[in-house]
Amino acid sequence: MAIKVKCFASMREYLDLSEREIGIDGIKTVADVWRSVAGGKPMPENTLCAVNQSQANEEFTVNSGDEVAFFPPVTGG
Amino acid sequence: MAIKVKCFASMREYLDLSEREIGIDGIKTVADVWRSVAGGKPMPENTLCAVNQSQANEEFTVNSGDEVAFFPPVTGG
Amino acid sequence: MASRHNPTKNTRDHTHSVRIITEKLDPWHELTVYQNEHLTKGQFGATATFVGTMRDFNEGDGVTGMTLEHYPGMTEAQLQTIIDEAHEQWTLDDVLVVHRVGPLLPGDPIVLVACWSAHRAAAFDACRHLMEALKSRAPFWKNETLTDQSNRWVEKNTDGYSPDNNSV
Amino acid sequence: MASRHNPTKNTRDHTHSVRIITEKLDPWHELTVYQNEHLTKGQFGATATFVGTMRDFNEGDGVTGMTLEHYPGMTEAQLQTIIDEAHEQWTLDDVLVVHRVGPLLPGDPIVLVACWSAHRAAAFDACRHLMEALKSRAPFWKNETLTDQSNRWVEKNTDGYSPDNNSV
């Protein structure tokens, strides 16, 4: 099984990553997911994380089949 | 010359007076206008007065040619 | 290419901003027409509007009809004053106030207030302020017809900032 | 003859209250259609609405275009949550939120928020609260194209309650 990772807006450009699946091996938290896809890049200040489309923090536990997203502060409306 | 007196809403019904002209003789203030048209009836609490379509109090001086109005609290909107 | 926002504050003619009408009020149609005629596309970023509509109930009683009386002349003057004050207090692109008078039925819109501005705080604040000012200072009076055919004057508008009040 | 106001608080389905669209947004047409389909005449006395529209300027620069990105699925869920919270906090007849995504031009409406209630305080309060909640919690992002053809992400929405802020 795998974890689906999504990035939006400036985060998509920062990591050059729109959507990707990663294996669960070695992944326990949102922070682990970041390290797995960020290629050593630091997480920008104000980065927002979501697990299964609900906001979550970096310590949030991630399970196989989850959808994890990273994005900057929202600017709609 | 004369003063035009107008009453609106429940005040029109209270004084049975919609619009009327009265002479200026003996009239100095809004309160004098009231006494001239009210037939002895007391001015209800919360009565609003206007002179030439601007709100005024009972002591406001009235001149020949003025339009004086009495009405209850407004309830539009 | 207008890259700067510069509404001509306090210097323009606002007489087109007030309409007292006897025909049915369609607020969304009014807004469509007014915006096309008077607003510049790309200038305003925020539009806040309020519509007051006749209910079929008030203070626990069923209401079947209403007549809106006003003081012609003073009503328009008071609304102009209220709008001028709003333009003094906030940076607004435009304001529209339309109020219906005469006989109305439940479900009929009574009043429309709309504010256009660059930023949303001014539009929200001004719209609400205008509505409260209209309800407390513009000479309109409501006479309700109840389900038993009796009539009564609405005696007082209540404050619209309290969450538990009973007014509209 | 409904002589008592009794919106079915917190028990109704609000899924029709959220729409994410790619086509042009005509807020006044949306309101006409939605009100005819979902609101009961005579029940509501107050309608407060807000429309956010794309300006041709921002932070001192000319803006010629914009692309609205969103997080499909999470956006709708967040807006539903925000609307459910509003129904908990205020007695509302109905709420409508329509947000456009994709490419936009100056003058294009971006977002519509509307609240219907018996009394005006709830409509005003809920409309403004919904708009602030949308701007701070719903996953939308704006990318602006400037007059020199460069692009930039809008970095942050500001608080909409301060009269001196620069957001919409």
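A, B, ... follow the sequence lines: proteins, then strands. Residue 1 opens every chain.
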4.5 Å side-chain heavy-atom contact, D:Glu30 and D:Arg19: yes

Parallel, tilted or perpendicular: rings of A:Phe8 and D:Trp141 (30°, 60°): parallel

Chain D neighbours within residues 22-49 of chain A, where any heavy atom lies under 4.5 Å away: none

Proximity breakdown for D:Arg137 and chain A, heavy-atom pairs closer than 4.5 Å: backbone

Interchain contact, D:Thr75 with chain A, by part (heavy-atom threshold 4.5 Å): neither

Contacting region of A:Ala50 [heavy-atom separation from chain D under 4.5 Å]: side chain

Lys NZ or Arg CZ of D:Arg120 over D:Phe124 ring: under 6.0 Å, within 45°: no

is_close_aromatic(D:Trp90, D:His129), centroid dist under 6.0 Å: yes

Check: D:Trp116 ring centre within less than 6.0 Å of D:Tyr34 ring centre: yes

Interatomic distance, D:Thr67 atom OG1 to D:Lys142 atom NZ [nearest 0.5 angstrom]: 12.5 Å

Distance, nearest 0.5 Å, that separates NE2 of D:His99 from NE2 of D:His70: 9.5 Å

